[in-house]
2 protein chains.
Amino acid sequence: MTNPVVRKLELFTRLSADDKAILSRVANGRVRQFNAREDIIREGDAPRDINLFLGGWACRYKQLEDGRRQIIAFFLPGDLCDMNVFILREMDHSISAITPVTVAEVSREAFEELMLNHPRIVQALWWDGLVNAAVQREWTVNLGQRTAAERIAHLICELFLKLHSIGLARANTCEWPITQIELADTTGMSSVHVSRTINELRNLGLIVLRDRQLTVSDLPGLMRLAMFNSNYLHLQHEGAYLDAN
Amino acid sequence: MTNPVVRKLELFTRLSADDKAILSRVANGRVRQFNAREDIIREGDAPRDINLFLGGWACRYKQLEDGRRQIIAFFLPGDLCDMNVFILREMDHSISAITPVTVAEVSREAFEELMLNHPRIVQALWWDGLVNAAVQREWTVNLGQRTAAERIAHLICELFLKLHSIGLARANTCEWPITQIELADTTGMSSVHVSRTINELRNLGLIVLRDRQLTVSDLPGLMRLAMFNSNYLHLQHEGAYLDAN
DNA sequence: CGTCCCCTTGAATGAAGTCAATACGCGTGG
DNA sequence: CCACGCGTATTGACTTCATTCAAGGGGACG
């Protein structure tokens, strides 16, 4: 089985055998496990290492004083988390496991050495960072402009495409470990209304969702409803022209 | 008058005379003017140069097919826009002037050369990028969790502090060129409701806003209302420990 | 078998959007 | 100079959408 980070970065550029070897070695360093719901880093902590997600789902979130919580991003296998946070003194948000999660901790030093000697990887990491920023922007649009049904539909499209791109979806189905409460905290609505909205999507024949399994019965329809434009994911292997090895 | 970019980057670290000279030189290269409301870059364009904002206010936005528009970020003097977009093939959003705007175009080559020879600047740019990402996350929280009044109050706090940090606010007043329609597109509400909400803040004695001039009469009160925590702006000169010249 | 968490559904409440009318400032051109 | 148009801001009345409150069902697990 290929390393999920390699798989992900190769969406953008082709890596040399050496690049891949280094990445796999780094990913096998200090590996840690977390239970579902367990915090991986908390707001206020001083960031130490770079985290590399190897398995499971996690999320970034912020919490207001009065308890309201907003999920800001999801992490899937192959994702890196805050490659450079060590520039900043303290975390301004928290990261929590949704399912049981496996992460590799990469020390700042190991990471910097890697960046020094592997320009192709650096470029792929740049790309990854830019895509993450684009996703964050799209979430802003989602929360600001889309209706409840559009918001949920959009999120489903995004995660479904991302899962596909890293080989974690087959045909039109994938795992869906996110509870409706978490979905509510993601889309800025109440969990009651999430329930009703998902039912709406079901009744439109767009999705089937039960037992933590999602089937997208009509992806084009779902994308149309959500006004989903995948350009912001930059999945078109845009670094292909860099392939000259 | 110091260059606004220098002023901004020095929030994080101290720059050498040479660093500053280089930045000022780069900022005086190809300078362009835009009228209020004019687009600077449009979604779908291939990004060419890095834009450095020297004067005026601008915004990043995305538009849905049916016309709904979401403002995703504001640009103030000293801000850089998408230092690395040339990795991506095309823009997934647009940038537009709010007031008349002056920008310096920095070619990719000039920029890369600068990064190669000025590690202190590189570090400050990293910091800037991380802060921008943090701001984008906070906007996600804002749209997802805060009420109308909290949203507007939070945005005012954020911009007011940023303006202060770059010397564009005096005591408790600053320019406020943003129309209520733009504010509506920023906070995901209708312009009618923005009007009512601003009135609410006025009646609470928190702000005075007229003739494109904002006075924050009670900043602590405004921050309390918005549950504003400034940690995400990372304004505490966190790079001070790098000062050894 | 009971507890806990998650999901669902109904009914009442509340927040924000829409529609519409009016007012104000500003620039343009008669 | 005034008239007009345009964009912006304000205010009221009504509607729509989403939240809250409440109750009940179902599955997982000790």
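As a basis for the values below, the full set of heavy atoms in this structure was taken, side chains included, without hydrogen atoms, waters or symmetry mates. Lettering follows sequence order; numbering is per chain, from 1.
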How long is the line joining [atom1] of [X] and [atom2] of [N], in whole Å?
| X | N | atom1 | atom2 | result |
| --- | --- | --- | --- | --- |
| B/Q213 | D/dA9 | CD | P | 15 Å |
| B/R146 | C/dA16 | CZ | P | 14 Å |
| B/R68 | C/dG17 | CZ | P | 13 Å |
| A/M189 | C/dA15 | CE | P | 18 Å |
| A/E200 | D/dC17 | CD | C1' | 11 Å |
| B/Q145 | D/dT19 | CD | C1' | 13 Å |
| A/N35 | D/dC29 | CG | P | 14 Å |

I want to verify a distance call: between [options], whose nearest atom is closest to the [X] side chain?
| X | options | result |
| --- | --- | --- |
| B/S190 | C/dC6, D/dT20, C/dG17 | C/dG17 |
| A/R202 | C/dG17, C/dA16, C/dT8 | C/dT8 |
| A/R196 | D/dG7, D/dT11, D/dT19 | D/dT19 |
| B/V192 | C/dT9, C/dA16, C/dT18 | C/dT18 |
| B/S195 | D/dT10, D/dG7, D/dA18 | D/dT10 |
| A/H193 | C/dT8, C/dC6, D/dT19 | D/dT19 |
| A/T147 | C/dC6, D/dT19, D/dA18 | D/dA18 |
| A/Q180 | C/dG17, C/dA16, C/dC7 | C/dC7 |

Within the structure shown, what part of the strands sits under 4.0 Å from [X] by heavy-atom distance: base, sugar-phosphate, or nothing?
| X | answer |
| --- | --- |
| B/R212 | sugar-phosphate |
| A/I181 | sugar-phosphate |
| B/R37 | sugar-phosphate |

### Query
So with a 6.0 Å cut-off around CZ of B/R48, is the heavy-atom count from everything else above 12?
no
### Query
Do other residues, nucleotides or ligands put more than 12 heavy atoms under 6.0 Å from A/R202 CZ?
yes
### Message
Please identify which of these residues, B/L219, B/D218, B/T215, meets the side chain to side chain contact (heavy atoms under 4.5 Å, CB included) condition with B/N172.
### Response
B/T215
### Value rounded to 0.5 Å, distance of NZ in A/K62 from CG in A/D185
15.0 Å
#### Entry: Between CG on residue A/D79 and CG on residue A/L52, distance to nearest 0.5 Å
9.0 Å
#### Entry: OP1 or OP2 of D/dA9 under 4.0 Å from side-chain N/O of B/N199
no
